[in-house]
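A, B, ... follow the sequence lines: proteins, then strands. Residue 1 opens every chain.
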There are 2 protein chains.
Amino acid sequence: MELRQLRYFIKAKELLNFTEAADSLNISQSTLSQQIKQLEDELDIPLFNRIGKRIALTEAGQLFYNYALQSVNRANNGKLMLQELNQLQAGSLNIGVTYGLRYLLTPALMRFLRKFPKVKVQVVFGTSEELRHRLLSLELDILLTFEEVVHDAHLTYELLFESPLCLVSSAKDPVAQHDQVLLKDVVALPLVLPSNGFSTREFINNTLLQNKLSPNIALEINDIPTLLDLVKAGNWYTILAKTTVKGSGLSAVPIKGKNMVRKAMIITMTDVYEKKAVGQFRKFMLDEVKRR
Amino acid sequence: MELRQLRYFIKAKELLNFTEAADSLNISQSTLSQQIKQLEDELDIPLFNRIGKRIALTEAGQLFYNYALQSVNRANNGKLMLQELNQLQAGSLNIGVTYGLRYLLTPALMRFLRKFPKVKVQVVFGTSEELRHRLLSLELDILLTFEEVVHDAHLTYELLFESPLCLVSSAKDPVAQHDQVLLKDVVALPLVLPSNGFSTREFINNTLLQNKLSPNIALEINDIPTLLDLVKAGNWYTILAKTTVKGSGLSAVPIKGKNMVRKAMIITMTDVYEKKAVGQFRKFMLDEVKRR
DNA sequence: TTTCTTAAATCGGTTTTATCGATTGATGTT
DNA sequence: AACATCAATCGATAAAACCGATTTAAGAAA
């Protein structure tokens, strides 16, 4: 039993005339006759009564019609549904994002949703490590974060923008007056750093290791807004990309040195089918960067 | 898109391994790979992500799965339904019957329904003419009546039994004492006959025409039980097959002469598919005749 | 009746395609 | 580095869908 035969049967039932049905199906009457017969053989019961040159549905044909129709319709509807998905009139988009990129995400996301209101978007905040893991397990479609220390062969990286690594302090702190600071001065200050797993923390760990410096870590915390609140209180300092601090009212003084810069990236999986929604959203993000 | 491809996709989705799925489907891995690819091409979207040697469903595959499953299931269920029909665990049986054969019908019908309780039976009483018309238009599956004067080429006739044509009278009537009567004596009596359209009436018309006799018709009526009541009252006589009178308490004296006999028949349409239910019911009827 | 028309079934041959085995390429494992 | 595993690809083959022509049968028309 094949959909082709069901389609033939449906048309023959509707026209009750093999010759016309065959015309309508763009096949020969011979073919239609054979395919119907084959279907009847498989079902082990005639679907049509051949009365002279007329055909009429048997009870079996009458009963089977609804099943045939529904089977064909389910398949057709599945195809239509996928067409909608291709035109972004359906489907979902799962975005992973680190806190530092929220200011870029929100306007791009708003424009995307206005254009494709049928797409269900889920945004997941988390550490780079956690989000990268979820991207690799296909839980996420796209990841917005800072560049990793090591690249993963299964991932594709696309640069969004660069942001200098900064010493972050209360706006009233004397350090805020400086144009730039040295890394060795930074490690002397009491620091509140993001926990391991955050991309900037991994970057800091790596940089300090290379410079043989060890930081004065007062506190580690896995929530960036809370971390910023603590710094705002004035007792502690932290190290973050300039973008991350934007809009918080805190001071961010660039740290002097080569490579003292974070690269914001769009990360997706290599060689997996890229949803239309991902492609579109990527464009919105790149466009958002250009606007600034 | 064909059911075959949907079946392949479903299995591949369930096992998430083309090699195993192909084994389970008794096809080569090569074939499965090609058919899935063909399906994806037609749907214009990948159903699987090929990550290295692993495969995983795409969003499209996930969404399409339910449609594929339902399409295949509808077709399978249709086939199963027809199997039940073939085993008389479903379906309908429409029986046309003339009043004269009710005594044979009821016991056969009761046995049939006990054996095939799932079959929906409809019994239609009527004149032979009316019932034959409904049989020809496929409204009836089988017809139980007396032999027609002329046979229809589209109908198949099978003898059930023969019953002598009788002069019917009240049991107290002097005529009831006779062993037989002559046709010319019958036409002298005041008769109540079934209306035209009843097979016995057609037979009587024909017989009298051939014998150049004209009857003394007091009343024509199209309801046999009422006709019998009138005869029972004693003022009138009628002509019917002996079987028709059985159990009514009336006297039935055979009419002398060649061919003064009615043939009870099973009539079906020639060359139309005979339902399993019809075949079975026919057997029950013939069996019922043998029992007597 | 006979003829004519129409519709479905059948037949033989052709084209299409589903399928296979073998091979390749790529990946993860020992 | 060698090996095992899995999906993709290739070329060949077998299966099937399909067509045109013909046959068969039934209504319709002459």
Rounded off to whole Å, could you give me the CD-to-P distance for the B:Q35 and D:dA15 pair? 16 Å
Those residues that, when tested against A:F203, pass ring pair (Phe, Tyr, Trp, His ring centres under 6.0 Å) (two or more places apart): none
Determine all donor-acceptor pairs shorter than 3.5 Å in which one atom belongs to a side chain in residues 63-70 of chain A; sequence neighbours excluded.
from  : atom 1 : to    : atom 2 : distance (Å)
A:Y65 : OH     : A:E14 : OE2    : 2.9
A:Q70 : OE1    : B:R74 : NE     : 2.8
A:Q70 : OE1    : B:R74 : NH2    : 3.2

Between P of C:dA8 and CG of A:L25, the distance in whole Å: 13 Å
Between atom CG in A:N26 and atom P in D:dC19, what is the gap in whole Å? 9 Å
Quick one: is A:Q38 getting a side-chain N or O under 4.0 Å of the D:dA17 phosphate, OP1 or OP2? yes
Excluding sequence neighbours, so at least two apart, what forms side chain to side chain contact (heavy atoms under 4.5 Å, CB included) with A:Q87? A:Q89
Among B:E40, B:E42, B:Q35, B:Q34, exactly one meets side chain to side chain contact (heavy atoms under 4.5 Å, CB included) together with B:Q38. Which residue is that? B:Q35
Nearest whole Å is fine: how far is C:dA18 P from B:L39 CG? 12 Å
Among residues at least two apart in sequence or on other chains, which ones pass ring pair (Phe, Tyr, Trp, His ring centres under 6.0 Å) with A:F112? A:F116, A:F281, A:F284
Which sits closer to the 5' end of DNA chain C, A:D271 or B:Y8, going by the nucleotide each is nearest to? B:Y8
Which whole-number value in Å describes the distance from B:L32 CG to C:dT19 C1'? 12 Å
Tell me the interatomic distance from A:R4, atom CZ, to D:dA16, atom P, rounded to whole angstroms. 11 Å
I'd like a table of atom pairs between the protein and nucleotides 6-13 of chain D - only N or O on both sides, under 3.5 Å - with the distance next to each one.
from   : atom 1 : to    : atom 2 : distance (Å)
D:dC6  : O3'    : B:K53 : O      : 3.4
D:dA7  : OP1    : B:F18 : N      : 2.7
D:dA7  : OP2    : B:F18 : N      : 3.3
D:dA7  : OP2    : B:T19 : N      : 2.8
D:dA7  : OP2    : B:T19 : OG1    : 2.5
D:dA8  : OP1    : B:R50 : NE     : 2.3
D:dA8  : OP1    : B:R50 : NH2    : 3.2
D:dA8  : OP2    : B:S33 : OG     : 2.3
D:dA8  : N7     : B:Q29 : NE2    : 2.8
D:dA8  : N6     : B:Q29 : OE1    : 3.0
D:dT9  : O4     : B:S30 : OG     : 3.4
D:dC10 : N4     : B:S30 : OG     : 3.4

Whole angstrom is fine here: how far is it from CD in B:Q5 over to P in D:dA16? 16 Å
Side-chain N or O of B:H154 versus OP1/OP2 of D:dG27: is the shortest distance under 4.0 Å? yes
Sequence neighbours excluded, which residues qualify as ring pair (Phe, Tyr, Trp, His ring centres under 6.0 Å) partners of B:H151? B:Y157
Under-4.0 Å salt bridge between A:E274 and A:R282: yes
Using atom CD1 of A:I36 as one end and atom C1' of C:dA9 as the other, report the distance to the nearest whole Å. 13 Å
